[in-house]
Amino acid sequence: MRAHFLVVLMTPLVALPGPTLAQVSPPPLRPKEVIPAVERSIERGLQFLARHQRIDGSYGKSRWENFPTYPTAMSALVGMAFLASGSTPTRGPYAKQIRRITDYLLGSCANPNGYLTDLGAGEDRPMYSHAFTMTFLAHIYGQVESEERRREIKAVLQRAVRFTMGTQTDAGGWGYRANYYSDEGTLTVTQLQALRSCRDAGIYVPREVIDNAVRYIESSTNDDGSVRYRPGSRRIRPGVTCAALVTLWNAGRYDDPLLTRIADYIKRNIYLRFENQHHAEYVMYYLAQARFLLGGSDWPDFYKQYAAMFLDNQMSDGSWEGSDGGEIYGTAIAVLVLQIPYNRLPVYER
């Protein structure tokens, strides 16, 4: 039976102040909210992903032929899932897979103009590929096996940041493709998170690019805290709403009334369960991040319910089916969100 993701609403959110020294200290080997059964589930998911890596190091082909492949974005997301487990390009059980993903992204997807996408794959929405690849490369930048590879990644990221800057619209957003005349919320928050990752890695990102993107989110937010697909649109998107909160946090807006307003909307209107629903994985990915960042006494209960839902819907081969991208996408998202409490990756840290 194929299981699918749907996000609908859950328990209260409480906005917390910004990070403290205690929050950024090394996490325990196993966070208290992660039970052994969840650890086994994570490992089964990681092993599934390791078994399904292509010869060239990429990911993306689904056994369900109606799903697109998106090899650049899929490979970067799977790479993040391996990094979240504690492996790096030089050590850990998934070091080989991470290196092969890196080889693919740098060899087939790093274009001279800074665009990070596999041009030969015909990816339908390549700016997602660009953003997720920036995020992955920024996280391995200081962990690679040689100074030569480190210089290569730095140059790629610098070009990628310039490309992102050049494709930002006057309104402050980004679109599915490198088109200056279109933008929408999901791409804007994904690009913002990628830029934050690059900045954390020491790559220069002009402050005005971040500020313009934050203004885009502000202009997309309704009085009740819901966030629209784009400014002027009437479409409210739960995924954009959750992601907007995450990116405001990434931008350092911990005490911003706008963040509190969005958090209150999520508390009142966004729950979750497994079901077939368009964009459900995207919502779950950012909902988990939002709840973890905000923390509070309700986070352990939220994670307990979240994890139980994933365990109930894991397939016998260790995978999860996705409503939008098949089992590679579904498994990468599931493993990423289940590993968030380990706090190992800067992009997800409190």
Mutual orientation of the aromatic rings belonging to Y128 and Y282 [parallel < 30°, tilted 30-60°, perpendicular > 60°]: perpendicular

Judged by atom type as modelled, is there a donor-acceptor pair below 3.5 Å linking the side chain of [X] to the main-chain atoms of [Y]?
X    : Y    : value
Q191 : L187 : no
Y303 : L338 : yes
T331 : E327 : yes
E33  : P341 : no

More than 12 heavy atoms from other groups under 6.0 Å of CZ on R207: yes

Within 6.0 angstrom of R91 CZ, more than 12 heavy atoms from elsewhere: no

Stepwise side chain to side chain contact (heavy atoms under 4.5 Å, CB included) test for M127 and Y115: CA-CA 8 Å; M127 286 299 284; Y115 207 1; 3.5 Å; yes

Side-chain donor-acceptor pair present, Y104, Q53, cut-off under 3.5 Å: no

Pair E184 + R125, salt bridge at N-O below 4.0 Å: no

Pair D200 + R196: basic N to acidic O under 4.0 Å: yes

Member of F163, F136, Y70 meeting the ring pair (Phe, Tyr, Trp, His ring centres under 6.0 Å) criterion with H130: F163

R54 NZ/CZ over Y59 ring centroid, <6.0 Å and within 45° of normal: no

For Y342 against E39, the heavy-atom pair lying closest together: OH-OE2, 2.8 Å

